[in-house]
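All of these numbers come straight from a predicted model, not from anything done at the bench. These numbers come from the heavy atoms of this one structure, side chains and all, not from hydrogens, waters or symmetry mates. In what follows, residues are counted from 1 in the order of the sequence shown.
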Amino acid sequence: MTKQCEKVMNNFLELDKNQKLPLHITAHLLFCKECRSKVRVLTLAEKTCKAPLSVALDAQNESLLLLMKKIDANYTAPEIPKLSFRKWIISGIFMILGMFMYIFTSAFLSIRSVDIAFYIVFVLAIFAYCSLFVGSNMDFFVKKIETQDVHIAGLKT
């Protein structure tokens with residue numbers, strides 16, 4: 001290990017969690033296979049070490065309920081709301097049907113002066129629909145992203 005490698009590794013270890021890598025460290029890691037491998041192993045070790053600390057417990061877990069009863073005798077487990085996409089699907093279908101109805105009625109009426117205005121309204125409606133859907137179900141998407149398998153240096157986490 002050269003002095004430059006040692007300096008880069010020390011700089012890497014001094015970085016805070018999720019801090020962006022400076023340009024000189026990134027450039028060195030691109031060209032130095034040994035340091036790149038060490039960084040991958042260190043990143044994998046950090047993820048492995050923090051995994052037991054982030055074990056999720058169900059709100060209905062018996063040991064959790066007993067602990068909460070010791071803290072507060074009047075504690076009752078919260079009800080977990082059920083996630084239903086029925087309203088989103090129905091409103092999406094109505095939005096698509098509205099667009100098709102406009103296409104067919106504009107073909108028969110042949111009013112071209114308002115076409116651009118209606119297309120802009122449709123684009124804004126689709127944008128609002130998608131934004132509200134993702135925004136109101138953010139916890140669902142975050143859980144799906146976190147559960148994807150990550151492969152680092154041939155090791156599965």
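- Using a 4.5 Å heavy-atom cutoff, the side chains of Pro22 and Leu15 are in contact.
- A single hydrophobic cluster is not seen to contain both Phe133 and Ile96; linkage of ILVMFWY side chains at heavy-atom distances under 4.5 Å, directly or through other members, places them apart.
- With sequence neighbours left out, Glu34 forms a salt bridge (Lys or Arg N to Asp or Glu O under 4.0 Å) with Lys38.
- With values rounded to the nearest 0.5 angstrom, Phe127 atom CZ is found 9.5 Å from Leu132 atom CG.
- The environment of NZ in Lys7 is sparse: at most 12 heavy-atom neighbours from other residues, nucleotides or ligands sit within 6.0 Å.
- When hydrophobic clusters are built by joining Ile, Leu, Val, Met, Phe, Trp and Tyr residues whose side-chain heavy atoms come closer than 4.5 Å, directly or via intermediates, Val8 is grouped together with Leu13.
- Considering OG of Ser131 and CD1 of Ile126, their distance stands at 11.5 Å, rounded to 0.5 Å.
- When the side-chain hydrogen bond (donor to acceptor under 3.5 Å, both in side chains) test is applied to Ser63, the partners found at least two apart in sequence or on another chain are Asn61.
- Between Phe122 and Tyr119, the ring-plane angle classifies as tilted under the 30° and 60° cut-offs.
- Val39 places a side-chain heavy atom less than 4.5 Å from the side chain of Met9.
- Listed here is the closest heavy atom pair of His28 and Cys5: NE2-SG, 3.5 Å.
- Between the OG1 atom of Thr48 and the CD atom of Glu46 there is a distance of 9.5 Å, given to the nearest 0.5 Å.
- Put simply, Tyr102 and Leu97 are part of the same group of oily side chains (I, L, V, M, F, W, Y) that touch within less than 4.5 Å, one to the next.
- No donor-acceptor distance shorter than 3.5 angstrom exists from the side chain of Tyr75 to the backbone of Leu67, with no hydrogens or angles considered.
- Two different hydrophobic clusters hold Leu30 and Phe12 under the rule that ILVMFWY side chains link at heavy-atom gaps under 4.5 Å.
- One hydrophobic cluster holds both Ile93 and Met95 under the rule that ILVMFWY side chains link at heavy-atom gaps under 4.5 Å.
- Trp88 and Tyr129 have perpendicular rings, their planes meeting at more than 60° on a 0 to 90° scale where under 30° would count as parallel.
- Taking CG of Asn74 as the reference point, atom CE of Met68 lies at 11.5 Å (rounded to 0.5 Å).
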